[in-house]
Colleague: 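The following block contains the structure, expressed as structure tokens.
Atoms considered below: every heavy atom in the structure, side chains included; atoms not considered: hydrogens, waters and symmetry mates. Residue numbers run from 1 in the order of the sequence given. For clarity, every value in this text was computed on a predicted model and none was experimentally measured.
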Amino acid sequence: MKEIEQLIEISRKYGHDKRYVIAGGGNTSYKNDEKLWVKASGTSLATITEEGFAILDRKRLGLISEKTYSTDAARREEEVKNDLAAACLTNDRRPSVETSMHNAMNGRFVVHLHPTAVNGLMCSQNAEAETTRLFGDSAIFIPYTDPGYTLFKEVENRIRAYRSKFGQEPAVLLLQNHGIFVGADTIAEVETIYGKVMATIEAAAFTKESDEAAEISAIAQEVVPAIRMMLGAGGLKTLQIRNNRRIESFAASAEDFTKISVAFSPDIIVYCKSKYIYLNNSDKDELLAAAEEEIKAYTAKNGYAPKVLLIKGIGLVAVGDHAAGCEIILDVYEDMMRIAEIARSFGGEHPMTQAQIDFIDNWEVENYRRKVSAGKSSGRVENKIIIVTGAAQGFGEGIARCLIREGANIVVADLNEEVGQKTAADLSSEARSNKAIFVKTNVADTASLQQLIHQTVCTFGGLDVFVSNAGVLRAGGLEEMTPENFEFVTKINYNAYFYCTRAASRVMKLQNRYAPDNYGDIIQINSKSGLRGSKANFAYAGGKFGGIGLTQSFALELAPYRIKVNSVCPGNFYEGPLWSNPENGLFVQYLNAGKVPGATSIEDVRKFYMSQVPMHKGTGPDDVTKAILYLIDQTCETGQAVPVTGGQVMMS
């Protein structure tokens with residue numbers, strides 16, 4: 001059906017543009033004489049398909065306008081919801097609660113959005129007068145009314161009055177503290193109307209601050225992981241920090257914060273709740289003490305943890321049940337800042353009243369939308385933050401892929417930027433509500449590791465597991481090995497493990513100080529060559545042997561902080577590039593080094609090594625990940641070197 005294709009087209013156009021809609025909000029519809037297609041509740045405009053629209057019988061839908069409902073608000077909304085369901089021809093899709101308003105407008109296409117510019121006007125003190133000044137009789141202003149049936153009746157009555165007075169259909173409805181409805185018979189007309197409305201408001205508004213990124217202070221590493229633990233009574237949270245010139249201006253003082261301390265619209269309440277925390281202490285210890293006190297008081301008063309913290313010198317901090325939720329919270333709350341800026345041009349901010357906020361907070365419809373938007377993730381490391389070094393490709397990439405499928409947020413730390421970025425994007429495509437990022441990292445450089453930790457904290461809020469996987473190998477006997485190659489292998493395989501552990505343990509110590517039941521994990525990916533000597537491979541084996549010594553020593557030192565340190569010692573991953581790279585893989589190196597007597601080809605070397613494995617299989621990333629998950633799960637193993645070798649190395 002051509003009209004439905006057009007409905008999908010205009011829905012996606014506006015759904016992808018954050019100037020018009022954030023977090024999948026808003027709704028669109030098309031109607032003919034018999035049926036109405038409207039966005040189903042919980043569906044995102046940006047990605048909507050034909051299956052994302054509920055279809056309703058207009059005759060049965062029209063009965064809602066004529067029916068008398070209960071005077072009790074909760075019962076009334078339940079009755080209306082049931083009547084909407086009765087009119088719905090697609091039982092697997094819940095129609096938008098605003099469906100009746102779409103039906104009340106005569107335009108074939110109706111597009112309801114929450115544009116920032118429009119809400120800057122609608123959330124201002126002089127919204128009604130300024131609407132008249134800017135749009136005259138071409139738009140209907142609807143004073144704030146609780147969503148649902150009450151709002152529908154208010155809209156319906158005003159549309160009827162407009163028709164009676166002007167003898168024509170209204171094309172624009174502007175709803176105080178809510179958004180805009182535009183109706184027309186073609187999507188081209190809808191787009192033209194939206195263009196004129198936006199241009200008119202933007203020409204009349206003045207905004208001061210910009211989206212230019214601002215630095216997130218290094219103190220974030222010493223504060224935010226602790227705050228994450230303070231907020232984690234109901235399970236691990238994900239925190240994300242955003243900072244720019246606009247955010248800095250609202251975080252400058254408690255007075256500046258008051259301008260965005262009360263919700264302006266229902267969307268803000270759905271995603272960010274209605275109360276927020278502001279912290280402006282400059283001293284780190286004072287900041288942590290204030291955060292602990294504020295969070296404890298907030299949770300005791302409201303029965304839930306805050307979703308938003310604004311911290312002077314750090315930025316806007318979103319608290320999500322999952323990583324995907326953090327992005328939405330940041331976008332919605334920063335949009336509130338933009339709305340506040342625009343509202344200054346129209347008499348200043350006009351937040352919702354407490355009664356209006358309470359209605360939204362407790363409304364079943366919005367609780368349903370909140371539940372749908374929260375997303376899902378599940379797995380043995382759900383919501384844990386895990387850094388995997390050397391994860392751009394090969395064994396590290398395989399481990400990271402297994403862990404993201406288990407619900408973890410993954411940081412791909414690697415020097416190979418091009419491949420690493422692609423790997424992170426691929427991993428995120430497999431994620432549910434978790435995600436992966438890439439951070440260019442040199443594990444042998446302490447400054448680079450500090451940046452890795454900083455980016456991890458800014459994106460996810462802390463660190464739960466550090467998998468020290470990055471490693472190199474240069475094979476050769478005593479005569480072939482150069483001092484330069486020996487030092488290179490040792491620096492990456494041995495020294496860097498120390499650098500990584502020092503950087504990671506600082507965050508974990510801080511977290512565990514504020515979460516007495518929490519454990520951190522540092523896991524070195526060692527090798528079977530760390531368990532027994534390796535002919536013509538002493539540089540690699542020596543570093544790996546030394547790594548197990550570091551593991552045991554780190555384990556003793558960090559045990560009082562509830563940080564477990566273990567090594568996993570895999571057998572040979574024959575399929576990976578470390579072994580199979582045709583130019584410099586181990587098969588090639590071992591052939592050239594004469595490590596396998598009588599071998600004349602790469603295949604000879606391959607068969608030789610496979611014959612030494614009792615299970616007759618190589619050790620893949622999935623095998624190693626099972627060992628990693630075991631080490632994370634348990635709380636009574638530390639300082640261990642766990643062999644995963646197919647029986648090639650058996651511990652006594």
Colleague: Measure from the side-chain N and O atoms of S164 to the backbone N and O of A161, and report whether any donor-acceptor pair falls under 3.5 Å.
Modeller: no
Colleague: Using distance alone, with no hydrogens and no angle criterion, decide if T116 and D335 have a side-chain donor and acceptor under 3.5 Å apart.
Modeller: yes
Colleague: Please determine if R108 and E3 form a salt bridge, counting it only when a charged side-chain N lies under 4.0 Å from a carboxylate O.
Modeller: no
Colleague: Compare every heavy atom of R160 with every heavy atom of S65, then report the nearest pair and how far apart it is.
Modeller: OG-NH2, 3.6 Å
Colleague: Looking at R19 and D17, does any basic side-chain N land under 4.0 Å from a carboxylate oxygen?
Modeller: yes
Colleague: The test is ring pair (Phe, Tyr, Trp, His ring centres under 6.0 Å); show your working for Y30 and F53 and say whether it passes.
Modeller: CA-CA 10 Å; Y30 165 77; F53 292 96; over 10 Å; no
Colleague: Please assess L316 against N243 for the test side chain to side chain contact (heavy atoms under 4.5 Å, CB included), listing each intermediate value before the final yes or no.
Modeller: CA-CA 6 Å; L316 178 62; N243 200 22; over 6 Å; no
Colleague: Identify the heavy atoms of S274 and I357 that sit nearest to each other, and give their distance.
Modeller: CB-CG2, 3.3 Å
Colleague: Atom CG in L56, atom OG1 in T90: separation rounded to 0.5 Å?
Modeller: 6.5 Å
Colleague: Please confirm whether the backbone N or O of A129 pairs with a side-chain atom of N126, one donor and one acceptor, at under 3.5 Å?
Modeller: no
Colleague: Okay, side chain of H112, backbone of G179: is any donor-acceptor separation there less than 3.5 Å?
Modeller: no
Colleague: Drop me the distance from I410's CD1 to I437's CD1, to the nearest 0.5 angstrom.
Modeller: 10.5 Å
Colleague: For salt bridge (charged side-chain N to carboxylate O under 4.0 Å, His left out), just list the numbers for K59 and D33, CA-CA rounded to whole Å, side-chain angles, deciding distance to a tenth of an Å, and then say yes or no.
Modeller: CA-CA 9 Å; K59 185 175 181 180; D33 293 342; over 6 Å; no
Colleague: Check whether any side-chain heavy atom of I260 sits under 4.5 Å from a side-chain heavy atom of M336, and report yes or no.
Modeller: yes
Colleague: What residue pairs, at least two apart or across chains, pass side-chain hydrogen bond (donor to acceptor under 3.5 Å, both in side chains) with a residue in residues 140-154?
Modeller: R76-T150, K153-E156, E154-R158
Colleague: State, with a plain yes or no, whether a side-chain heavy atom of L121 is found less than 4.5 Å away from one of T131.
Modeller: yes
Colleague: Side chain to side chain contact (heavy atoms under 4.5 Å, CB included) for Y276 and Y333? Distances and angles first, verdict last.
Modeller: CA-CA 10 Å; Y276 323 107; Y333 198 78; 3.6 Å; yes
Colleague: What heavy-atom pair brings G26 and L45 nearest, and what distance separates the two atoms?
Modeller: C-CD1, 4.2 Å
Colleague: Just checking, is any N or O donor in the side chain of Y69 or D83 under 3.5 Å from an acceptor N or O on the other one?
Modeller: yes
Colleague: Examine the side chains of E327 and Q240 and answer whether a donor and an acceptor come within less than 3.5 Å of each other.
Modeller: yes
Colleague: For a quick test of reading the model, state the closest non-hydrogen atom pair linking I328 to A23 and the distance between them.
Modeller: CG2-CB, 3.4 Å
Colleague: Please lay out, stage by stage, how S429 and D426 fare under the test side chain to side chain donor-acceptor pair (under 3.5 Å).
Modeller: CA-CA 5 Å; S429 70; D426 288 346; 5.0 Å; no
Colleague: Any donor-acceptor pair under 3.5 Å linking the side-chain atoms of S11 with those of T28?
Modeller: yes
Colleague: Under 3.5 Å, is there a donor on one side chain and an acceptor on the other for N383 and T238?
Modeller: yes
Colleague: May I ask you to say whether D321 pairs ionically with K237, meaning some side-chain N is under 4.0 Å from a carboxylate O?
Modeller: yes
Colleague: Do the side-chain N and O atoms of N103 and S100 include a donor-acceptor pair separated by under 3.5 angstrom?
Modeller: no
Colleague: Could you walk me through whether K35 and I55 pass the side chain to side chain contact (heavy atoms under 4.5 Å, CB included) check?
Modeller: CA-CA 7 Å; K35 297 176 183 178; I55 306 173; 4.0 Å; yes
Colleague: Does R60, at its CZ atom, have more than 12 non-hydrogen atoms belonging to other residues, nucleotides or ligands within less than 6.0 Å?
Modeller: no
Colleague: Does a salt bridge link E34 with R58, judged by any charged N lying under 4.0 Å from a carboxylate O?
Modeller: no
Colleague: Can you confirm whether the side chains of E189 and T192 place a donor and an acceptor under 3.5 Å from each other?
Modeller: no
Colleague: Does atom NZ (K259) have a neighbourhood of more than 12 heavy atoms from anything else shown, all under 6.0 Å?
Modeller: yes
Colleague: Could you tell me whether the side chains of D267 and H114 share a donor-acceptor contact shorter than 3.5 Å?
Modeller: yes
Colleague: Measure the spacing between CG of L61 and NZ of K31 and express it to the nearest 0.5 Å.
Modeller: 10.0 Å
Colleague: If only atom types and distance count, is the side chain of T200 paired as donor or acceptor with the main-chain N or O of K196 below 3.5 Å?
Modeller: yes
Colleague: Contact between E79 and N82 at the side-chain level, heavy atoms closer than 4.5 Å - yes or no?
Modeller: no
Colleague: Ignoring hydrogens and geometry beyond distance, is a side-chain donor-acceptor pair present between N27 and H102 at under 3.5 Å?
Modeller: yes
Colleague: Answer yes or no: is there a donor N or O on one side and an acceptor on the other, between the side chain of K435 and the main chain of I404, under 3.5 Å?
Modeller: no
Colleague: Do E98 and H178 have side-chain N/O donor and acceptor atoms under 3.5 Å apart?
Modeller: yes
Colleague: Flag the pair K13 and E191 as a salt bridge only when some basic side-chain nitrogen lies within less than 4.0 angstrom of an acidic carboxylate oxygen.
Modeller: yes
Colleague: Are E248 and K312 ion-paired here, with the side-chain N under 4.0 Å from a carboxylate O?
Modeller: no
Colleague: Just checking Q125: does its CD atom have more than 12 heavy atoms from other residues, nucleotides or ligands closer to it than 6.0 angstrom?
Modeller: yes
Colleague: Between D331 and I22 (side chain of the first, backbone of the second, donor and acceptor by atom type, cut-off under 3.5 Å), is there such a pair?
Modeller: no
Colleague: As a quick check of understanding, evaluate side chain to side chain contact (heavy atoms under 4.5 Å, CB included) for V182 and V110, giving each step before the final call.
Modeller: CA-CA 6 Å; V182 170; V110 175; over 6 Å; no
Colleague: Do Y194 and Y14 make a side-chain contact, defined as non-hydrogen atoms from C-beta onward lying under 4.5 Å apart?
Modeller: yes
Colleague: Looking at D137 and K165, does any basic side-chain N land under 4.0 Å from a carboxylate oxygen?
Modeller: no
Colleague: Rounded to the nearest 0.5 Å, what separation is found between the OG atom of S124 and the CD atom of E349?
Modeller: 9.5 Å
Colleague: Taking 4.0 angstrom as the limit, do R338 and E341 come out as a salt bridge?
Modeller: no
Colleague: Should the pair D211-R246 be classified as a salt bridge under the 4.0 Å nitrogen-to-oxygen rule?
Modeller: yes
Colleague: Please list, one pair per line, the donor and acceptor atoms closer than 3.5 Å that link side chains of residues 293-311 to other protein atoms, with sequence neighbours excluded.
Modeller:
unit_1: Y298; atom_1: OH; unit_2: K275; atom_2: O; d: 2.8
unit_1: T299; atom_1: OG1; unit_2: I295; atom_2: O; d: 2.8
unit_1: N302; atom_1: ND2; unit_2: Y298; atom_2: O; d: 2.9

Colleague: At what distance, to the nearest 0.5 angstrom, does CZ of R93 lie from CH2 of W37?
Modeller: 11.5 Å
Colleague: Take atom CD of E255 as the centre, draw a 6.0 Å sphere, and report whether it contains more than 12 heavy atoms from other residues, nucleotides or ligands.
Modeller: no
Colleague: Which value, rounded to the nearest 0.5 Å, describes the distance between S265 atom OG and M122 atom CE?
Modeller: 12.5 Å
Colleague: Between K2 and E5, does at least one N-O distance fall below 4.0 Å, as a salt bridge requires?
Modeller: no
Colleague: Identify the heavy atoms of A139 and L174 that sit nearest to each other, and give their distance.
Modeller: CB-CD1, 4.1 Å
Colleague: Any idea which heavy atoms bring N434 and A408 closest together, and the distance?
Modeller: ND2-O, 2.7 Å
Colleague: Do other residues, nucleotides or ligands put more than 12 heavy atoms under 6.0 Å from R163 CZ?
Modeller: yes
